[in-house]
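This is a predicted model, so every value here is computed, not measured.
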Amino acid sequence: MQSSLARFTLSLSTLILVTSASLPAYADTDAKAASSAAIPIGDFFNNNAFSGAVMSPDGRHLAVLVSAKGGRVQLYTVELPSMKVSGLTSFEDADIASVAWVNDQRVIYSVADRNIAQGDVQYGPGLYAINIDGSGYRQLVSNTFSRKNLSSSRAMLTANTRLLSTSNMAGTDDVFVTQTQWSTSGKPSSTVHRLNTVTGISKLAASLNEAQGWLMDKHDEVRIATTSDDKKSTIYYRDNAETPWRKLHESDIFHAAKGDFSPAFFDASGNFYVRAAYKGVEALYLYDLQTATIRQTPLADTPGYDFSGQPVNNDKKLLGLRYETDAEGTLWYDKEMNAIQAKIDALLPNTVNILSVPTRAQTPFVLVSAWSDIEPGAALIYNKETGILMPLGGRQPAIDPLRMSPKTMVRYKARDGLEIPAYLTLPKGHGGKNLPMVVMVHGGPWVRGGHWNWNAETQFLASRGYAVLEPDYRGSLGYGAAHYKAGWKQWGLKMQDDIADGARWAIAKGYADPQRICIAGASYGGYSTLMGLINDPDLFKCGINWVGVTDINMMRDGHWTGDSDLSDSYKKYGMNDMVGDRVADAAQLKATSPLEQAARIKQPLLLGYGGADTRVPISHGRAFLDAVRKNNPQVEWVVYQEEGHGWALPKNNIDFWTRAEKLLARSIGPAAAGTPGAAATTAPPSAP
């Protein structure tokens, strides 16, 4: 059967699948797409039409989240193999945010409101449960968006309750939730409760003073707890609820040492797995709970990358491990699943294909999530017996993958020799040579920024004729401890050099026009945008900063930041070691402060901030705006009062990126479609 993506056309009782374009081949180089009418900006930034699917434990049903009439995300079930669709929700003032299966006949879900941004949020996500035939509805957690049909025979759990795990036992109506409490100093801790989704009755399942993280085994026992004080993190273990907690390991939160590990998961046999160092990166190990030692040989490692994957289990065994290197994939230990993966990859050769299996399968169906750099994502169902792959829905049906631009991982050397991984996107149909470029700097900064997937901002810029380079500069996670630690105390220094060196690499390779490069980013990426304009004015001709830090000391000074959500521990200890000590590094912090150096920025600049941002409060933007405008008339300022740390609403994304598009056009100009001769002389790197 020819595989294809799908669009949902919905009513509350009927689901109609309409197929759209087939998944494309990356080899397509047709320039007509680039020379045709520009793709509407809303196509990139509108809310998802399809938000995902989850298979029931027996494999007989799917729970799917789909944007229905009025744009609200509603919950539906799909019966397999008949594909009969039933609607379970009809909220007019909320969207279904997440869903999980309690058992074969009952689901639990939370809600949100994607029509409002952070500043307008007044209710919590709550928890609701309902049977798939529409009976047995109950609200389990208070303070939700909808106030309809909320009557209960007993008090509901408070709004600081979140789902931790569903049960692994067949037939139970129970789930496990955490309740968070805050000390007088604002430090959180949590307890685990077993909650019956039919009666709403809960009972304590686990507690430990100052616990902030929990891990359960496949037999519904809470086995691992993690606690932390200002500098230390401690891992505790118990055999079951009847035995006391015992300390397994203690480590420094900000300074890793030999022998440190982090909990990963338990398999169906009760084996405990951890992540620990191996040849410069993190690998997955089996941990011997009897001897409290890590096995010498890792179970799985990904050379050059930290292993951060998740297990794929059924009720009997560990089937495989998900992982991410340059792209995501699955390592299968189960021979049948390995063969199924090969068959699906043959049907969908151009996408990452992640398979989900039922816990206790009674049908031959496997759920497939497929995506790529040019495909926003689709869900499909594969029948192991017939070999038929059936489409369910696509996240962004307005996006035509054939008009998107391939993204490839590249590596370049920084000036001190450190290798920097990055993702390069060359606009389709523009020749691939001597292009205007936007260097997109990820936030964090202690995260992995680049992934081989479809990204709205990247693809929007590429659709307008710009190459996009996304460096994982030193300090980024995912590439080993040395790469991460190399970024400590390097804000505005070597971290910034890595980004400039990436732009110069692109020039040397012929991808970028040296006179037409801009820099952009949010949060830390916004800080880096400003420092790039300061440090390398010859290289970066304009900047786009949204919700960016403008002064390092402002991140910890309460009178500047107001209600900043940075933890006291990070501001007291982590920032000193990772960013800079206020006293010892005072000169460095001043030299690497965009606020202090604002007079040096002469290039065109777009500044965007959220009025409700608690991570980088708007005071950062206002203080910098006052300073930079004294010497630079080319500064555009926009505030979205309802937004937090980034843009949640499509209308604000569309407005901001429309402004950015105009700034880029004035400053570096888009590439003309079909640059003659370029495609034959400069080919983009190969895709993962």
Side-chain angles (χ1 to χ4, degrees), residues 164-170 172 174 176 178 189-194 203-229 231-253 255-302 306-323 331-334 359-360 481:
L164 173 66
S165 175
T166 55
S167 173
N168 290 284
M169 303 297 104
T172 181
D174 293 350
F176 293 86
T178 59
S189 63
S190 66
T191 51
V192 181
H193 300 259
R194 187 174 189 127
K203 61 180 181 179
L204 185 67
S207 65
L208 185 64
N209 189 39
E210 296 187 336
Q212 296 180 20
W214 304 94
L215 186 63
M216 300 182 64
D217 68 13
K218 300 304 177 185
H219 302 283
D220 288 354
E221 291 284 357
V222 183
R223 302 277 295 277
I224 295 290
T226 57
T227 68
S228 66
D229 56 25
K231 297 189 70 174
K232 296 291 184 181
S233 176
T234 306
I235 302 170
Y236 291 88
Y237 167 79
R238 69 180 188 183
D239 292 316
N240 53 57
E242 306 303 319
T243 58
W245 293 102
R246 61 183 173 91
K247 185 187 296 185
L248 282 187
H249 187 70
E250 185 176 81
S251 60
D252 189 299
I253 293 175
H255 295 276
K258 185 177 180 180
D260 284 352
F261 65 89
S262 59
F265 60 90
F266 287 90
D267 67 17
S269 300
N271 297 310
F272 178 44
Y273 298 86
V274 301
R275 298 182 182 91
Y278 176 70
K279 294 184 178 180
V281 296
E282 281 201 340
L284 185 72
Y285 288 86
L286 187 62
Y287 186 94
D288 190 327
L289 289 163
Q290 298 301 316
T291 62
T293 58
I294 299 173
R295 295 287 175 88
Q296 289 187 347
T297 304
L299 175 71
D301 68 289
T302 46
D306 292 318
F307 180 86
S308 58
Q310 297 297 318
V312 186
N313 296 288
N314 60 19
D315 61 334
K316 296 182 176 62
K317 63 180 181 178
L318 175 66
L319 299 174
L321 295 169
R322 308 207 195 288
Y323 64 86
L331 170 65
W332 293 108
Y333 299 115
D334 183 81
T359 306
R360 296 173 291 277

Inset, instruction - Could you name each residue pair satisfying salt bridge (Lys or Arg N to Asp or Glu O under 4.0 Å) that touches residues 209-220, not counting sequence neighbours? - result: Lys187-Glu210, Arg194-Asp220, Asp217-Arg223
Inset, instruction - Output all residues satisfying salt bridge (Lys or Arg N to Asp or Glu O under 4.0 Å) with Lys247, sequence neighbours left out; order by chain, then residue number. - result: Glu250
Inset, instruction - Look up atom CH2 in Trp245 and atom OH in Tyr237, then write down how far apart they are to the nearest 0.5 Å. - result: 9.5 Å
Inset, instruction - Answer yes or no: does atom NZ of Lys316 have more than 12 heavy-atom neighbours from other residues, nucleotides or ligands under 6.0 Å? - result: no
Legend entry - Interatomic spacing from CG in Asn168 to CE in Met216 - rounded to 0.5 Å: 7.5 Å
Legend entry - Distance, nearest 0.5 Å, that separates CG of Leu318 from CH2 of Trp332: 9.5 Å
Inset, instruction - Verify whether the ring centers belonging to Phe261 and His249 lie closer than 6.0 Å. - result: yes
Legend entry - Distance in Å, Leu331 CG paired with Leu284 CG, rounded so as to fall on 0.5 Å steps: 10.0 Å
Legend entry - Check: Val281 and Thr302 side chains under 4.5 Å, non-hydrogen atoms: no
Legend entry - Residue list, ring pair (Phe, Tyr, Trp, His ring centres under 6.0 Å) with Phe272, at least two apart or on another chain: Phe266, Tyr287
Inset, instruction - Rounded to the nearest 0.5 Å, what's the gap from CG on Asn209 to OG on Ser189? Could you check? - result: 7.0 Å
Inset, instruction - Answer whether the closest heavy-atom distance between the side chains of Pro263 and Thr226 falls below 4.5 Å. - result: yes
Legend entry - Electrostatic pair Lys317:Asp334 at N-O distance under 4.0 angstrom: yes
